[in-house]
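Report on the structure given below.
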Amino acid sequence: MRNFIISFALLFSAISFGQMSFGISDLDLRNPLNSEANIGWFMTDDIMLSVAMASTDAFEVGARYYTGFCDNMFIEASTNAMDTGDGTEYQVGVAAGWTKSLGIWKLQFEPMIAVDNIDELEPYIGWALRFNL
């Protein structure tokens with residue numbers, strides 16, 4: 001019971017004092033609703049949890065740690081869940097990159113090296129835009 005109370009207190013303090021963030025990747029200007037977007041919440045200055053939902057059957061949950069190494073480098077782990085009709089398929093992905101301020105209010109550019117499914121191990125160079133509220 002003591003562990004539950006401590007966990008609840010830590011969660012409440014993180015929600016009370018955290019900062020919200022909005023990210024978008026694979027931006028399609030011709031059809032912006034096809035872009036991938038997520039909402040993140042900074043639990044501490046170094047840890048951000050994010051959630052993205054394409055539909056009620058497809059969602060992504062990720063955790064990002066800002067290392068402070070090499071000017072705001074981050075390491076991210078995420079999991080995707082999709083309903084395939086026969087059941088739910090899960091994929092685990094990883095990414096490493098940097099968050100660079102664009103100097104336009106709180107807009108940031110995030111270049112990264114990412115792998116969407118660590119079972120297939122097909123790395124690619126990706127990017128995202130992030131806006132902190």
Side-chain angles (χ1 to χ4, degrees):
M1 184 68 179
R2 187 180 83 187
N3 290 341
F4 177 73
I5 293 171
I6 292 171
S7 299
F8 182 75
L10 289 173
L11 180 64
F12 181 74
S13 67
I15 290 174
S16 299
F17 301 110
Q19 178 182 3
M20 191 169 231
S21 179
F22 175 76
I24 189 164
S25 60
D26 299 331
L27 183 62
D28 183 2
L29 294 176
R30 293 183 187 157
N31 194 358
L33 293 179
N34 286 340
S35 301
E36 296 179 17
N38 67 41
I39 295 176
W41 189 265
F42 283 93
M43 301 301 277
T44 67
D45 288 343
D46 298 334
I47 299 173
M48 182 183 73
L49 299 177
S50 62
V51 176
M53 243 178 144
S55 68
T56 56
D57 296 332
F59 65 90
E60 177 179 348
V61 176
R64 182 181 285 189
Y65 174 68
Y66 287 91
T67 64
F69 178 71
C70 289
D71 193 28
N72 224 5
M73 181 181 179
F74 65 84
I75 300 169
E76 180 178 22
S78 62
T79 182
N80 296 328
M82 291 180 280
D83 187 11
T84 60
D86 296 331
T88 304
E89 179 181 318
Y90 296 97
Q91 295 179 347
V92 176
V94 294
W98 289 267
T99 300
K100 300 288 186 183
S101 177
L102 293 176
I104 305 169
W105 202 26
K106 295 182 179 183
L107 189 62
Q108 300 166 336
F109 177 68
E110 297 180 334
M112 67 186 82
I113 298 171
V115 175
D116 283 338
N117 188 355
I118 61 172
D119 290 336
E120 296 175 5
L121 199 59
E122 296 176 0
Y124 64 92
I125 297 175
W127 63 275
L129 293 174
R130 182 154 301 279
F131 181 77
N132 293 330
L133 301 176

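- Once rounded to the nearest 0.5 Å, the distance linking CG of Asn38 with CD1 of Ile24 reads 9.5 Å.
- Every pair tested for salt bridge (Lys or Arg N to Asp or Glu O under 4.0 Å) that includes a residue from residues 40-57 fails, sequence neighbours excluded, so the list is empty.
- Nearest heavy atoms, Thr88 versus Ala81: CG2-CB, 4.2 Å.
- Listed by chain and number, the residues in a side-chain contact (heavy atoms from CB on, under 4.5 Å) with Ala58 are Ala54, Ser55, Met82 (sequence neighbours excluded).
- Under the 4.5 Å side-chain heavy-atom criterion for grouping Ile, Leu, Val, Met, Phe, Trp and Tyr, Met53 is connected to Val61 within one hydrophobic cluster.
- The structure places CG of Leu107 at 11.0 Å from CZ of Arg130, a figure rounded to the nearest 0.5 Å.
- Hydrophobic clustering, with ILVMFWY side chains joined whenever heavy atoms are under 4.5 angstrom apart, keeps Trp127 apart from Met73.
- Taking CG of Leu129 as the start and CD of Gln108 as the end, the distance is 10.0 Å to the nearest 0.5 Å.
- Listed by first then second residue, pairs satisfying salt bridge (Lys or Arg N to Asp or Glu O under 4.0 Å) with a partner in residues 117-129 number zero, not counting sequence neighbours.
- A distance of 9.0 Å separates OG1 of Thr44 from CG of Leu49, quoted to the nearest 0.5 Å.
- Under the ring-ring contact (aromatic ring centres under 6.0 Å, His included) criterion, Phe109 pairs with no residue at all, not counting sequence neighbours.
- Residue pairs satisfying the ring-ring contact (aromatic ring centres under 6.0 Å, His included) criterion with at least one member in residues 55-80, sequence neighbours excluded, are listed as follows: Phe42-Tyr66, Tyr66-Phe74.
- Atom OG of Ser21 and atom NZ of Lys106 lie 10.5 Å apart (nearest 0.5 Å).
- Partners of Tyr124 by side-chain hydrogen bond (donor to acceptor under 3.5 Å, both in side chains), not counting sequence neighbours, listed by chain and number: Asp116.
- Within a 6.0 Å sphere centred on CD1 of Ile113, other residues, nucleotides and ligands contribute 12 heavy atoms or fewer.
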Side-chain atoms of residues 91-103: list all donor-acceptor pairs with protein atoms under 3.5 Å, sequence neighbours left out, distances to 0.1 Å.
from   : atom 1 : to     : atom 2 : distance (Å)
Gln91  : NE2    : Glu89  : OE2    : 3.4
Trp98  : NE1    : Cys70  : O      : 3.1
Thr99  : OG1    : Glu110 : OE2    : 3.1
Lys100 : NZ     : Asp71  : OD2    : 3.0
Ser101 : OG     : Gly103 : N      : 3.3

